[in-house]
Undergrad: 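Quick one: the structure is below, and I'll ask about it shortly.
Residue numbering restarts at 1 for every chain, and letters A, B, ... go by the order of the sequence lines. What's counted below: heavy atoms across the whole structure, side chains too, no hydrogens, waters or symmetry copies.
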2 protein chains.
Amino acid sequence: MSPRSAGRSAILPMTHTGPVRSSSAERVLDVAENLVAQRGFNAVSYADIAAQLGVSKPALHYHFAGKGDLGSALITRYASRFGAALTALDAAGTAPQTRLEGYAALYLAVLEEDRMCLCGMLAAEYRTLPTPMQDAVRDFFAANEAWLCTVLRDGRADGTLQFHGSPPDTAAMIIGCLEGAMLVARPFHDTARFKAAADNLLAGLTAA
Amino acid sequence: MSPRSAGRSAILPMTHTGPVRSSSAERVLDVAENLVAQRGFNAVSYADIAAQLGVSKPALHYHFAGKGDLGSALITRYASRFGAALTALDAAGTAPQTRLEGYAALYLAVLEEDRMCLCGMLAAEYRTLPTPMQDAVRDFFAANEAWLCTVLRDGRADGTLQFHGSPPDTAAMIIGCLEGAMLVARPFHDTARFKAAADNLLAGLTAA
DNA sequence: GTCTATACAGCGATAGAC
DNA sequence: GTCTATCGCTGTATAGAC
């Protein structure tokens with residue numbers, strides 16, 4: 001495995017499906033996504049991205065006219081990659097509990113790269129984002145919640161999952177718990193802290 | 001109730017104990033805390049704070065030499081206020097479940113002012129903060145976790161609370177769930193979303 | 001304790017050559 | 001598609017008067 005493909009899979013673990021066309025724009029997004037997920041959208045500059053790529057700032061403007069355009073593209077790509085990962089978890093007749101574990105594992109994978117969930121980060125900065133980015137962040141969470149609802153309903157139907165509230169309310173709790181556990185784990189540089197919270201969450205949802 | 005005291009109680013609900021000495025430095029912190037909790041530390045400038053106070057930028061530098069000093073003071077004051085609120089919840093022989101509900105209510109009060117938890121916001125920006133601020137953020141969460149552990153142990157001892165993991169692991173899940181539910185609720189401008197997640201969380205911890 | 005004035009670095013963005 | 005050069009603005013911070 002070449003250094004580059006190792007680097008890519010570290011950044012894009014959810015859809016790494018073999019031979020990847022890595023256009024200049026894609027490489028910009030790769031670097032930007034990594035920086036934004038670590039430091040936040042407002043703390044990342046064109047200069048930062050250009051420096052890591054070894055190009056000049058105007059080269060970035062050629063691909064993304066304004067910073068807001070770059071940000072929107074970032075979310076779009078992240079959301080579609082995340083969505084593909086969720087679809088993959090639905091394959092065959094995977095048990096609801098297994099799908100839930102897979103969902104938590106997606107978050108853990110991000111945290112282990114010392115990154116925050118891109119949309120969790122952007123949710124914190126929400127009030128300072130351009131409107132298109134705000135809408136895209138909201139859509140991301142809505143899609144996650146919808147997917148979780150189907151898993152929860154399946155699990156309640158076949159008796160493998162148990163929970164007190166409605167599926168949407170429980171889905172909101174699951175997303176919140178995982179995003180928040182990531183958020184709090186990072187200051188402690190402690191992935192075990194996240195795992196403990198996630199395991200605890202799943203244990204509470206598993207039928208005895 | 002004067003407009004000013006109304007404003008103060010909206011910003012400082014946790015320790016509003018009557019006649020308040022409102023030195024210039026305190027007023028700077030009031031405005032800064034509100035702005036940072038809404039927009040993030042990196043998205044708030046001396047100019048923003050000075051404008052809301054109706055003073056000049058150098059006036060702020062007189063009270064807080066650098067932005068890092070202001071940020072550290074912000075966390076210190078927030079943490080001590082939060083700590084006092086937790087101590088208040090321990091009064092008399094309050095039931096563990098009631099203390100837990102009170103804890104969640106503290107978060108809800110912040111969200112209803114359309115703010116993020118100050119330290120939750122700073123956790124997102126963690127990688128970009130000066131070291132003293134990073135340490136203070138970590139201490140805040142550690143203190144919260146310690147307090148929750150005592151509540152959880154009390155509740156397990158008297159049989160009013162039930163949970164699968166250890167008290168520290170469960171405490172990490174509770175903090176994560178509440179911080180994350182706030183984080184995700186803000187893009188939806190929807191406090192009901194937070195309440196649902198919090199109620200769901202507490203229901204899972206309450207002994208049947 | 002607050003002001004005016006200013007220094008200086010960094011930001012996003014554009015013009016125009018290649 | 002990428003470069004050099006540069007613009008206008010905003011950021012934190014300081015000097016010195018009052």
Side-chain angles (χ1 to χ4, degrees), chain A residues 4 20-36 38-75 121-122 124-134 136, chain B residues 4 20-75 77 121-122 124-125 127-134:
Chain A
R4 164 162 295 174
V20 186
R21 63 142 174 59
S22 185
S23 72
S24 299
E26 288 292 308
R27 261 175 288 131
V28 172
L29 290 174
D30 291 346
V31 169
E33 180 180 327
N34 199 38
L35 283 172
V36 171
Q38 285 183 352
R39 309 167 43 82
F41 188 71
N42 291 323
V44 173
S45 70
Y46 273 67
D48 295 328
I49 302 167
Q52 273 202 24
L53 280 168
V55 301
S56 63
K57 288 189 287 174
L60 307 182
H61 282 282
Y62 172 80
H63 297 289
F64 305 98
K67 207 186 174 189
D69 301 295
L70 172 57
S72 292
L74 232 33
I75 306 173
M121 181 63 84
L122 296 177
E125 299 179 288
Y126 184 80
R127 290 281 291 267
T128 72
L129 301 178
T131 311
M133 288 183 68
Q134 293 183 329
Chain B
R4 165 163 293 174
V20 187
R21 64 143 171 61
S22 184
S23 72
S24 299
E26 288 291 308
R27 261 175 288 132
V28 172
L29 290 174
D30 291 346
V31 169
E33 180 181 325
N34 199 37
L35 282 172
V36 171
Q38 285 184 354
R39 308 167 43 83
F41 187 71
N42 291 322
V44 173
S45 69
Y46 274 66
D48 296 328
I49 303 167
Q52 271 201 25
L53 280 168
V55 300
S56 65
K57 290 186 284 175
L60 306 182
H61 281 282
Y62 173 80
H63 297 288
F64 305 97
K67 206 187 173 188
D69 300 294
L70 172 57
S72 292
L74 232 34
I75 307 172
R77 197 183 66 156
M121 181 63 85
L122 296 177
E125 298 179 288
R127 290 280 291 268
T128 71
L129 302 178
T131 311
M133 287 183 66
Q134 293 184 329

Undergrad: Say whether A:D69 and A:S72, considering side chains only, have a donor N or O and an acceptor N or O under 3.5 Å apart.
TA: no
Undergrad: Could you tell me whether the phosphate oxygens of D:dC3, OP1 or OP2, come under 4.0 Å of any side-chain nitrogen or oxygen in A:S56?
TA: yes
Undergrad: Tell me: NE2 of B:H61 to C1' of D:dG11, nearest whole Å?
TA: 10 Å
Undergrad: For D:dT2 and A:Y62 - does any side-chain N or O of the residue sit under 4.0 Å from the phosphate oxygens OP1/OP2?
TA: no
Undergrad: Can you tell me how far C1' of D:dG11 sits from CZ of B:F41, to the nearest Å?
TA: 12 Å
Undergrad: Rounded to whole Å, how long is the line connecting atom CG of A:D69 with atom P of C:dA13?
TA: 8 Å
Undergrad: Which nucleotide wins on minimum distance to the side chain of B:P58, given the candidates D:dT4, D:dA13, C:dT4?
TA: C:dT4
Undergrad: Would you mind classifying the nucleic acid contact of A:Y46 as base, sugar-phosphate or nothing, using non-hydrogen atoms under 4.0 angstrom?
TA: sugar-phosphate
Undergrad: Take B:K57 and B:G54, find for each the nucleotide of DNA chain C with the closest heavy atom, and name the residue whose nucleotide sits nearer the 5' end.
TA: B:G54
Undergrad: Regarding B:S45, tell me which of base, sugar-phosphate or nothing describes its non-hydrogen contacts under 4.0 Å with the strands shown.
TA: sugar-phosphate
Undergrad: The side chain of A:A59 is closest to which nucleotide in this list: C:dG12, C:dT2, D:dT2?
TA: D:dT2
Undergrad: Could you check which of D:dC3, C:dC3, C:dG12 has an atom nearest any side-chain atom of B:V55?
TA: C:dC3
Undergrad: Base, sugar-phosphate or nothing for B:V28? Non-hydrogen atoms, less than 4.0 Å.
TA: nothing
Undergrad: Taking all non-hydrogen atoms of both residues into account, name the closest pair between B:A32 and B:I49 and its distance.
TA: CB-CD1, 3.9 Å
Undergrad: Atom CD1 of A:I49 and atom P of C:dC11: how far apart are they, to the nearest Å?
TA: 11 Å
Undergrad: Ignoring hydrogens, what is the shortest heavy-atom contact between B:V44 and B:G40? Give both atom names and the distance.
TA: CG2-O, 3.2 Å
Undergrad: Would you compute the distance between atom CD of A:E125 and atom CD of B:E125 and round it to the nearest 0.5 angstrom?
TA: 6.5 Å
Undergrad: Please give, in whole Å, the distance from C:dA9 P to A:D48 CG?
TA: 17 Å
Undergrad: Whole angstroms only, please: what is the NZ-C1' distance between A:K67 and C:dG10?
TA: 12 Å
Undergrad: How close do B:H63 and B:V28 get, counting heavy atoms only, and between which atoms?
TA: CD2-CG2, 4.4 Å
Undergrad: B:L70 CG to D:dA13 P: how many Å, rounded?
TA: 10 Å
Undergrad: Between C:dA15, C:dT2, D:dT14, spot the one nearest the side chain of B:H63, thanks.
TA: C:dT2
Undergrad: Can you tell me the distance, in whole Å, between the CG atom of B:L60 and the C1' atom of D:dA13?
TA: 12 Å
